[in-house]
Amino acid sequence: QVQLVESGGGLVQPGGSLRLSCIASGFTFDYYSIAWFRQAPGKEREGVSCISSNNGKTHYTDSVKGRFTISRDYANNTVYLQMDSLQPEDTAVYFCAADRALYYCIDYVRWDYDYWGQGTQVTVSS
């Protein structure tokens, strides 16, 4: 059974940090690029970051560059999103997605992914 399970969300004050995890099972993790998306109430889903399968190349949307870091742990089939200097505009449900054909994360924002997780809520508020 294929699963992507996100965790690590929660309530944090502005300027704080969270680390999201995306644990994969049921498919060969090493062959898949993994992306993080987020969706705030009343807004469209937004691509946040991506890490490729083949060379670990990373991409970030402009609004999170320098604050968020994506990484992957092949031993534990997990992708992390370290989020620092969080701001209220980062509040959203965060989802991870996986696709085998997404080489180098090119066009990761508009890609049609094989698998999606259920999401984890991140709320940044004082």
Side-chain angles (χ1 to χ4, degrees):
Q1 180 183 2
V2 171
Q3 279 192 308
L4 288 173
V5 179
E6 303 96 335
S7 64
L11 173 64
V12 63
Q13 292 187 339
S17 298
L18 286 172
R19 188 177 78 159
L20 305 184
S21 299
C22 171
I23 301 175
S25 60
F27 60 94
T28 307
F29 175 79
D30 294 14
Y31 297 159
Y32 283 71
S33 294
I34 308 292
W36 283 97
F37 288 79
R38 65 187 180 186
Q39 189 163 21
K43 294 189 176 181
E44 292 188 356
R45 188 176 63 196
E46 175 188 23
V48 175
S49 183
C50 183
I51 187 164
S52 68
S53 58
N54 46 328
N55 63 357
K57 188 173 178 62
T58 59
H59 292 257
Y60 299 93
T61 192
D62 285 346
S63 63
V64 308
K65 284 180 181 177
R67 300 189 298 124
F68 291 11
T69 304
I70 192 170
S71 61
R72 65 192 295 162
D73 178 352
Y74 289 93
N76 292 297
N77 287 3
T78 302
V79 169
Y80 300 101
L81 186 68
Q82 177 66 41
M83 306 188 297
D84 299 319
S85 302
L86 283 162
Q87 300 302 318
E89 53 266 35
D90 296 315
T91 295
V93 178
Y94 284 70
F95 302 88
C96 60
D99 198 274
R100 181 165 181 163
L102 181 56
Y103 302 115
Y104 304 108
C105 286
I106 293 173
D107 205 23
Y108 79 95
V109 173
R110 289 180 291 271
W111 200 260
D112 184 16
Y113 288 82
D114 291 333
Y115 309 123
W116 286 88
Q118 294 299 306
T120 186
Q121 176 70 47
V122 172
T123 303
V124 185
S125 175
S126 55

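Owing to the predicted nature of the structure, the values given are computational and were not obtained by experimental measurement.
Put simply, the side chain of Val64 reaches to within 4.5 Å of the side chain of Arg38, judged on heavy atoms. Between Phe27 and Asp114 there is no side-chain heavy-atom pair separated by less than 4.5 Å. Side-chain contact between Val79 and Ile70 is present, with at least one heavy-atom pair separated by less than 4.5 Å. Residues Thr91 and Gln121 are in side-chain contact: their nearest non-hydrogen atoms beyond the backbone lie under 4.5 Å apart. When side chains are defined from C-beta on, Leu102 counts as touching Cys50, because their heavy atoms get closer than 4.5 Å. Looking at heavy atoms from C-beta onward, Thr120 lies out of side-chain contact with Ser7 at the 4.5 angstrom threshold.
No side-chain donor from either of Asp99 and Ser33 sits under 3.5 Å from a side-chain acceptor of the other.
A donor-acceptor pair under 3.5 Å is absent between the side-chain atoms of Glu46 and the main chain of Glu44, judged by distance alone. A donor-acceptor pair under 3.5 Å is absent between the side-chain atoms of His59 and the main chain of Ser52, judged by distance alone. No side-chain donor-acceptor contact under 3.5 Å links Tyr108 to the backbone of Trp36. Put simply, the side chain of Glu6 gets close to the backbone of Gly119: a donor and an acceptor are under 3.5 Å apart. A donor-acceptor contact shorter than 3.5 Å is absent between the side chain of Thr69 and the backbone of Gln82.
Residues Ser85 and Ser17 come closest through the heavy atom pair N-OG, 4.3 Å. Nearest heavy-atom pair across Asp90 and Arg67 is OD2-NH1, 2.8 Å. Residue Ala40 comes nearest to Ala92 through the heavy atom pair N-CB, 3.8 Å, listed as atom of the first residue, atom of the second, then distance. Across every non-hydrogen atom of Lys65 and Tyr60, the tightest pair is CE-O, 3.2 Å.
Around atom CG of Asn55, more than 12 heavy atoms belonging to other residues, nucleotides or ligands sit under 6.0 Å away.
Aromatic ring orientation, Tyr74 versus Phe29: perpendicular (interplanar angle above 60°, classes split at 30° and 60°).
Under a hydrophobic clustering in which Ile, Leu, Val, Met, Phe, Trp and Tyr are joined whenever their side-chain heavy atoms come within less than 4.5 Å, directly or via other members, Ile106 and Trp111 fall into different clusters. No chain of hydrophobic side-chain contacts below 4.5 Å, direct or via other Ile, Leu, Val, Met, Phe, Trp or Tyr residues, connects Met83 to Tyr80. Hydrophobic cluster membership is shared by Val93 and Trp116, with clusters built from Ile, Leu, Val, Met, Phe, Trp and Tyr side chains linked at under 4.5 angstrom. Leu20 and Val12 fall within a single hydrophobic cluster, where Ile, Leu, Val, Met, Phe, Trp and Tyr are joined by side-chain heavy atoms under 4.5 Å apart, directly or via other members. Tracing side-chain contacts under 4.5 Å through hydrophobic residues (I, L, V, M, F, W, Y), one reaches Tyr115 starting from Ile34; they form part of the same cluster.
Note that the CD1 atom of Ile51 and the SG atom of Cys22 stand 11.5 Å from one another [nearest 0.5 Å]. Going from atom CG of Asp84 over to atom CG of Leu18 covers 9.5 Å, rounded to the nearest 0.5 Å.
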Apply ring-ring contact (aromatic ring centres under 6.0 Å, His included) to Phe37 and Tyr113, showing your working. CA-CA 12 Å; Phe37 288 79; Tyr113 288 82; 5.5 Å; yes
Derivation of the side chain to side chain contact (heavy atoms under 4.5 Å, CB included) call for Leu11 and Ser125: CA-CA 7 Å; Leu11 173 64; Ser125 175; 4.2 Å; yes
